[in-house]
Amino acid sequence: MTTTVVRDRFVGKSVIVTGAASGIGRETARRFAREGARVTVADIDERGGAETVALIEAEGGTARFAATDVTDPDAVQAMVDGAVAAYGRLHVLHNNAYWAPLGRSVVDTSMQEWDRAIATTLTSVFLGCKAAIPHMVEAGGGTIVNTASTSGLAATPTFAAYIAAKGGVVALTRSVAFDFGRQGIRCNAVAPGLIKGTAATEPVFADPERLAFLNSKLVMGRPGEPTDIANAVLFLASDESAFMTGQTMVVDGGRLIS
Ligand SMILES: NC(=O)c1ccc[n+]([C@@H]2O[C@H](COP(=O)([O-])OP(=O)(O)OC[C@H]3O[C@@H](n4cnc5c(N)ncnc54)[C@H](O)[C@@H]3O)[C@@H](O)[C@H]2O)c1
């Protein structure tokens, strides 16, 4: 059973969440807003993004939608500049958007699928950090939280491009933390295990063989929920994790220890 305690750690803070039109990103954006953040909901999916903004506003929160293709350097720069222009600063960047082909080994992955997976899942994190860090440094600091995956730390069957991209996210998180720690930037990642209720995992829950493999690894006997990941993201984005940087926090119900 997941518990959610509403607090006020982000009052007055400007937060960008990419991939916020759906799943984990939507839940995390809502949770930031409930704790007082002014949220830029960034996604390529305009309808889903508008729905997330409407959900936040219906709860009395503050949000705006930024139509953004996270693989496009100009669009990512505009996403960051737009958040700074709208809300005066950028305190938190949550790089969360992704795309990857499922059920593909290296041999089965086309060049086009590989390039798109790396661009959407890894290059997007590079672009977000590249655009956000100068603003954050100029303003005295900021925090970056990247969504990695247990797949970036251990293999699962036939996820080749995804595993490679998420491994890159884990490594890039350390690199950014190392290079900018003295300038007030912390950069950490969260590594979710199997999370239900997102567009990404619909096919997994529909595939009995893959689900059986993953279920066999679930020490706690249940998949996670988006709010389990939001809890970790908000912790890593907040001052409660002030002495943590370069880390990848595993939130997987015990998957990796099994
Ligand atoms: N659901 C899980 O079990 C699970 C497990 C481990 C890691 N994750 C990670 O969590 C994050 C969120 O995944 P989710 O499960 O909520 O998936 P999701 O499919 O519900 O959300 C992904 C979002 O990314 C957006 N997106 C895709 N391409 C984009 C682009 N080019 N530009 C901007 N936005 C784009 C989609 O529109 C969507 O809103 C991802 O990084 C994923 O790898 C999820």
Side-chain angles (χ1 to χ4, degrees), residues 16-31 40-53 55 65-76 78-80 93-102 113 115-128 145-154 156 159 161-170 172-173 189-207 210-211 213-215 217-218 222-230 232-233 248-253 255-256:
I16 295 175
V17 181
T18 74
S22 166
I24 291 168
R26 169 176 285 175
E27 177 64 15
T28 305
R30 293 176 75 179
R31 292 283 305 283
T40 296
V41 169
D43 206 291
I44 202 166
D45 172 2
E46 301 201 6
R47 199 169 120 194
E51 279 171 17
T52 301
V53 170
L55 285 165
F65 176 61
T68 310
D69 178 348
V70 293
T71 69
D72 176 349
D74 293 338
V76 174
M79 169 188 85
V80 169
L93 171 64
H94 178 34
N95 289 308
N96 170 76
Y98 99 107
W99 180 86
L102 303 181
E113 288 170 332
D115 285 344
R116 186 178 164 201
I118 297 297
T120 315
T121 307
L122 176 57
T123 307
S124 60
V125 177
F126 158 73
L127 293 174
V145 183
N146 301 320
T147 307
S149 170
T150 48
S151 296
L153 300 166
T156 45
F159 264 0
Y162 183 68
I163 285 171
K166 291 298 189 181
V169 171
V170 170
L172 186 57
T173 298
V190 62
L194 181 63
I195 307 300
K196 70 175 180 190
T198 80
T201 48
E202 271 171 30
V204 176
F205 282 91
D207 176 345
R210 181 174 290 275
L211 192 59
F213 170 81
L214 291 168
N215 274 335
K217 305 270 184 191
L218 295 176
R222 66 164 179 92
E225 297 177 19
T227 196
D228 290 312
I229 307 309
V233 173
T248 293
M249 180 184 270
V250 175
V251 184
D252 71 344
R255 143 105 172 86
L256 285 191

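Here, residue 1 is the first one in the sequence, and each next residue gets the next number. We count ligands from 1, going down the list as the structure has it; atoms in each ligand are counted the same way.
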Original post:
Is there a donor-acceptor contact under 3.5 Å from the side chain of Thr121 to the main chain of Trp99?
Top reply: yes

Original post:
Does any N or O in the side chain of Thr18 come within less than 3.5 Å of the main-chain N or O of Asn96, such that one atom is a donor and the other an acceptor?
Top reply: yes

Original post:
Excluding sequence neighbours, so at least two apart, what forms side chain to side chain donor-acceptor pair (under 3.5 Å) with Thr68?
Top reply: none

**OP:** Please assess Asn146 against Thr173 for the test side-chain hydrogen bond (donor to acceptor under 3.5 Å, both in side chains), listing each intermediate value before the final yes or no.
**Re:** CA-CA 7 Å; Asn146 301 320; Thr173 298; 3.0 Å; yes

**OP:** Could you please provide the protein residues found below 4.0 Å of ligand 1 on a heavy-atom basis, arranged by chain and number?
**Re:** Gly19, Ala21, Ser22, Gly23, Ile24, Asp43, Ile44, Asp45, Thr68, Asp69, Val70, Asn96, Ala97, Tyr98, Thr120, Thr147, Ala148, Ser149, Tyr162, Lys166, Pro192, Gly193, Leu194, Ile195, Thr198, Ala199, Ala200, Thr201

**OP:** Return the set of residues passing side chain to side chain contact (heavy atoms under 4.5 Å, CB included) with Asp43 (not counting sequence neighbours), or none when no residue passes.
**Re:** Ala21, Asp45, Phe65

Original post:
Sequence neighbours excluded, which residues qualify as side chain to side chain donor-acceptor pair (under 3.5 Å) partners of Thr198?
Top reply: Thr201

